[in-house]
Structure formats: structure tokens, C-alpha cells
Participant: 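Could you have a look at this structure, given as C-alpha cells, before my questions?
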Amino acid sequence: MNERIKQLWELASTRYSVYEILKPQNERKIIPDIFAELIIKECAKYVDVMWPHQKEFKGTLDVGKGLKAKFGVEE
């Protein structure tokens, strides 16, 4: 497995154990959901860095923000 993917999984696990456990049970995210969000954020960051001169996405968003919006990932 890619080292960055391993790091993101560890971060998702840590975030779950530290932050999500403090939330009411009906508001908690599970580790795979947190992991998926971290991957989308990583992809969005990559796109924003690799293509800094991209055209606006749907007229208002850059590609990274569009990617996050597509998957429902908040900033």
C-alpha cells in the first residue's frame, strides 16, 4: 500500500478516536468515511497545486473545491 494512503488511514483512525468519540453517537463518522474524506482532500490539494491555472469549475469553483463538493467533503 502507498505510504501516503497508510498515513491517511492512521490519521482517520486517530481522528475517530480523538474527535468523533466526543460527539453524540448519531453525529459520529466512522473511520472509512473519515478516510474517504481525507483522500478527497488530498486529491483536491494535488489538483490545486498541479493545475494552478485551471479554468473555473462551473463558473464559481476551482477544480479542487469542485472535487470536494462532488463528494460532499467540507473544507
Side-chain angles (χ1 to χ4, degrees):
M1 186 184 307
N2 177 299
E3 188 60 34
R4 186 61 182 143
I5 297 294
K6 289 179 187 177
Q7 291 171 349
L8 293 175
W9 180 260
E10 290 173 14
L11 182 59
S13 300
T14 302
R15 187 173 292 178
Y16 178 81
S17 64
V18 174
Y19 299 108
E20 295 298 318
I21 205 74
L22 299 174
K23 294 180 181 178
Q25 191 166 359
N26 64 335
E27 294 178 15
R28 291 181 195 164
K29 295 178 184 175
I30 60 174
I31 293 173
D33 290 344
I34 298 168
F35 180 57
E37 287 183 1
L38 291 172
I39 289 173
I40 295 303
K41 287 179 182 181
E42 188 82 2
C43 291
K45 185 169 77 174
Y46 175 78
V47 167
D48 288 342
V49 169
M50 294 304 293
W51 292 289
H53 304 292
Q54 75 273 10
K55 293 182 179 180
E56 291 186 354
F57 184 78
K58 293 188 179 178
T60 59
L61 302 171
D62 61 28
V63 174
K65 287 182 182 177
L67 236 163
K68 287 182 276 191
K70 169 78 174 164
F71 291 97
V73 174
E74 298 178 14
E75 292 291 323

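These numbers come from the heavy atoms of this one structure, side chains and all, not from hydrogens, waters or symmetry mates. Numbering starts at 1 and runs along the sequence shown. Bear in mind that the values here come from a model prediction, so they are computed numbers and not experimental data.
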Participant: Verify the neighbour count for atom CD of Q25: are there more than 12 heavy atoms of other residues, nucleotides or ligands below 6.0 Å?
Facilitator: no
Participant: For the hydrophobic clusters of this structure (ILVMFWY residues joined by side-chain heavy atoms under 4.5 Å, transitively), does one cluster hold both I31 and Y19?
Facilitator: no
Participant: State whether the side chain of R15 and the backbone N or O of E20 hold a donor-acceptor pair below 3.5 Å, judged by distance alone.
Facilitator: no
Participant: Can you confirm whether F35 sits close enough to I5 that some side-chain heavy atom of one is under 4.5 Å from a side-chain heavy atom of the other?
Facilitator: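 A side-chain contact exists here, since the closest heavy-atom pair is under 4.5 Å.
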Participant: Write down the atom of R28, the atom of K23, and the distance for their closest heavy-atom approach.
Facilitator: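 Heavy atoms of R28 and K23 come nearest at NE-O, 3.0 Å.
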Participant: Return the set of residues passing side chain to side chain contact (heavy atoms under 4.5 Å, CB included) with A36 (not counting sequence neighbours), or none when no residue passes.
Facilitator: none
Participant: Show the numbers, then the answer: is there a side chain to side chain donor-acceptor pair (under 3.5 Å) between Q7 and R4?
Facilitator: CA-CA 5 Å; Q7 291 171 349; R4 186 61 182 143; 3.0 Å; yes
Participant: So, taking the atom named CD1 in I30 and the one named OH in Y16, what distance separates them when rounded to the nearest 0.5 Å?
Facilitator: 8.5 Å
Participant: Restricting to non-hydrogen atoms, name the atom on K29 and the atom on D33 that form the minimum distance, rounded to 0.1 Å.
Facilitator: CB-CB, 4.4 Å
Participant: Which atom pair, heavy atoms only, marks the closest approach of L8 to I39?
Facilitator: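 Scanning both residues completely, I find the closest heavy atoms to be CD1-CG1, 4.1 Å.
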